[in-house]
Amino acid sequence: MIRSKQIQRPQLVLVVDDQEINRDALGIILEDDYDVIYAQNGKEALNAMHEHIDELVIVLLDLMMPVMDGFEVLETVRNDEDLRKIPIIVLTSDKSAELRALQMGAADFITKPFDAHEVILARVGRIIELSEGRKLISSAETDKLTGLYNRNFFFEYADRLYRYHKDRHMDAIVLNIEQFHSINDLNGRQFGDRVLKTLGEEIKAFMNETVGIASRFEADRFAIYCVGQDDYKSLLKRFQDKLDEQFPEVNVHLRMGVKLWAEDTEPVVMFDRARAACNMTRGDYQNPLMIYSEEMRLKELMNRRLLNDLRLAVEENQLIVYYQPKYDIQCNPPRLISAEALIRWKHPELGMIAPGDFIPLFEKNGLISVVDSFVWKQAAKQISLWREKYGFTLPVSVNLSRVDIFDPALTDKLVELVRDYDLKFDDLKLEVTESSYTDNAKMLLELIHNLRTMGFEVEMDDFGAGYSSLNMLSDMPIDVLKMDMKFVRNIEQSETDLLLVKLIIDIARYMNLEVVAEGVENNKQLSLLQDAGCNVVQGFYFSRPLPPEEFEKLIEKEIELRGRK
Ligand code: C2E
Ligand code: MG
Ligand code: MG
């Protein structure tokens, strides 16, 4: 309800400032619209507030005053249930004081020297209106564990900062703890709480040094809305260092997403994007910081689309399995001995999508198992079709992702395929990437051991791409080592790379493993590998991955060459 000023008594405003010139200035601005009373220090202000508790619609409060300063007034008001109902705008020229005042419950602030009259009137009017509508934040609601604001309060507050202080460029930061639930599970909730508390304290310390507000939304999700910082990397490091220092016995990994200030972007949107950025860093221990960018936004949209479209892709046969041949290069001429099944997605609108664009995405959320099961089945079927057509078996290897390794039904699924298509176990070879090993060593070792005992052959894919150690090679019961492409890429130019390749081949030979070199693109690379004693090669030099019909031409060529039937 809007009260008409003509018939109502003017509303009562208290101006508190020790300087006469300031009282006068505000008086001139306000007296046309309000009844104004004055106080010269905090003590007088509190007296006046008590006296006019039912009439006062707002207090304009200077922070620096003798006798009793503005902070003390705020503190007293905050703890007084009645006084708390009167909104306070603080008058200040000190940015950090503004924030402290806001944190102590001030509704807003006016900067000195005073802004234009209209601005002040608009702010005063707005705050009165808000408080009448009881939309005003009355007292800060905080999270018990960390003392940071809770989510609702935080957003209310952030909205206010956003609306009234557009000149202030605030960034949104989201902080998460990697695998926080496991930390809780392994070390107990109490430990988890201590971690959260420590992080909360460091965030508070940071808040004291900058202009901003912070919250714990829930669990391990922290949010900070603050003026733009120069270096988010070192900010993250500061928080991380604190945790490392306090909990040296446990690895607590933080990750951070930041959305930098942008014109007309509300806090909710800012934080949504900061969260998206933060989520992108999940599991990436090397790069725990992500700053949201337009490119990222498009990628996000694309990812969402791909996730959405996968179901339909399976139903509408948009997924196609390609085959890339592997040749035994110690034969002359090299001999086609097997193939690798590689997924392709023929999207009706986006065209052909390479696995690099969707496999990592699906690996993150587990959908990869849908793709993999599909590929395994197609591959098994293809082996049996070719066996029927050509009278001999061409083994095909399929890729297993980390997610598959966690699937307790994995072995059963594979065995079922072998049975359904009447294959021998080693017709369907299994490629496991080196990185799966580093993730969950024990489980993987057991699984591979079991699969091999049944008769499957296991190849270690992309060997050397990550942080493989020779240790791991001796632990891992495998049959084939697939050397990562990066080694082959430079063997013609780089003496060191050639040496490395030779070394890997020697070790493999010593361990009775077959070596497959991936990514061979030219004759020179081929002959260097031949000389080095590499057994098998897969690469564009022989052929790109092909759809089955085209792959058949390679088989037929091979049959012609060798008279194999
Ligand atoms: P990968 O298993 O190491 O497969 C070999 C990749 O190297 C293939 O890329 C292949 O096209 C590419 N390649 C082969 N020869 C050459 C060459 O001479 N030069 C160059 N530059 N590249 C070559 P693709 O098909 O794009 O697959 C990329 C990765 O995606 C695969 O690496 C594999 O990790 C994954 N992937 C593909 N299909 C599947 C699948 O069905 N399931 C799972 N889980 N992962 C898959
Ligand atoms: Mg592979
Ligand atoms: Mg590979």
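Predicted, not measured: the structure shown is a model, and the values here were computed from it. In this chain, residues are counted from 1 in sequence order. Every number for a ligand or one of its atoms is a count from 1 in the order of the listing.
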Would [X] count as a polar contact of ligand 1, with the cut-off being nitrogen or oxygen pairs under 3.5 Å?
X: T433; result: no
X: I343; result: yes
X: Y541; result: no
X: D404; result: no
X: Q538; result: no

> For atom 34 (O) of ligand 1, which candidate among N399, V520, L342 holds the nearest heavy atom?
Replying inline: N399
>> Please state which option from D372, L319, D357 has its nearest heavy atom closest to atom 42 (N) of ligand 1.
In response: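 Among D372, L319, D357, the closest heavy atom to atom 42 (N) of ligand 1 belongs to D372.
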Pairing donors with acceptors under 3.5 angstrom, does anything connect the side chains of [X] and [Y]?
X: D244; Y: Q240; result: yes
X: Y390; Y: E556; result: yes
X: S397; Y: E340; result: no
X: N187; Y: E249; result: no
X: D143; Y: T146; result: yes
X: Q330; Y: Q530; result: no

Please state which part of [X] comes within less than 4.0 Å of ligand 1, counting heavy atoms only: side chain, backbone, both or neither.
X: R544; answer: neither
X: K482; answer: neither
X: E363; answer: neither

[X] and [Y] aromatic centres sub-6.0 Å:
X: F191; Y: F247; answer: yes
X: W386; Y: F551; answer: yes
X: F154; Y: F271; answer: yes

From [atom], is the closest protein heavy-atom distance below 4.0 Å?
atom: atom 38 (N) of ligand 1; answer: yes
atom: atom 9 (O) of ligand 1; answer: no
atom: atom 12 (C) of ligand 1; answer: yes

I'd like to check the salt bridge (Lys or Arg N to Asp or Glu O under 4.0 Å) partners of [X]; sequence neighbours left out, ordered by chain and number.
X: E218; value: R221
X: D171; value: none
X: R275; value: D272

>> Is it the case that over 12 heavy atoms from other parts of the model lie below 6.0 angstrom from the CZ atom of R238?
In response: yes
> Do other residues, nucleotides or ligands put more than 12 heavy atoms under 6.0 Å from the CD atom of Q493?
Replying inline: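 For Q493, atom CD is crowded (more than 12 foreign heavy atoms under 6.0 Å).
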> Would you call the rings of W345 and F358 parallel, tilted or perpendicular if under 30° counts as parallel and over 60° as perpendicular?
Replying inline: perpendicular
Among all protein non-hydrogen atoms, which one is nearest to [atom], and what is the separation to 0.1 Å?
atom: atom 36 (N) of ligand 1; result: I359 CD1, 3.8 Å
atom: atom 18 (O) of ligand 1; result: F540 N, 2.8 Å
atom: atom 28 (C) of ligand 1; result: P355 CG, 4.0 Å

>> Can you tell me which residue among L336, D427, I337, L554 is in a side chain to side chain contact (heavy atoms under 4.5 Å, CB included) with L394?
In response: L336
Any atoms of ligand 1 less than 4.0 Å from a non-hydrogen atom of [X]? List them with their elements.
X: E518; result: 1 (P), 3 (O), 4 (O), 5 (C)
X: P545; result: 11 (O)
X: V375; result: 41 (O)
X: Q324; result: 10 (C), 14 (C), 15 (N)
X: D461; result: 1 (P), 2 (O), 3 (O)
X: S401; result: 44 (N)
X: G539; result: 15 (N), 18 (O)
X: E521; result: 17 (C), 18 (O), 19 (N), 20 (C), 21 (N)

> So does D407 pair up with K413, basic N to acidic O under 4.0 Å?
Replying inline: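 Here D407 pairs with K413 in a salt bridge, since their nearest N and O are under 4.0 Å apart.
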>> Check this for me: does any side-chain nitrogen of one of E552 and K389 sit under 4.0 Å from a carboxylate oxygen of the other?
In response: yes
> Does M485 reach ligand 1, in the sense of a heavy atom lying below 4.0 Å from it?
Replying inline: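 Heavy atoms of M485 do come under 4.0 Å of ligand 1.
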> Is the closest heavy atom of G356 to ligand 1 under 4.0 Å?
Replying inline: no
>> Among F217, Y162, Y225, which residue satisfies the ring-ring contact (aromatic ring centres under 6.0 Å, His included) criterion with F155?
In response: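 One option only clears the test, and that one is F217.
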>> Below 2.8 Å, which protein N, O or S atoms neighbour the Mg ion (ligand 2), ignoring water?
In response: E340 OE2, N399 OD1, E431 OE1, D461 OD2
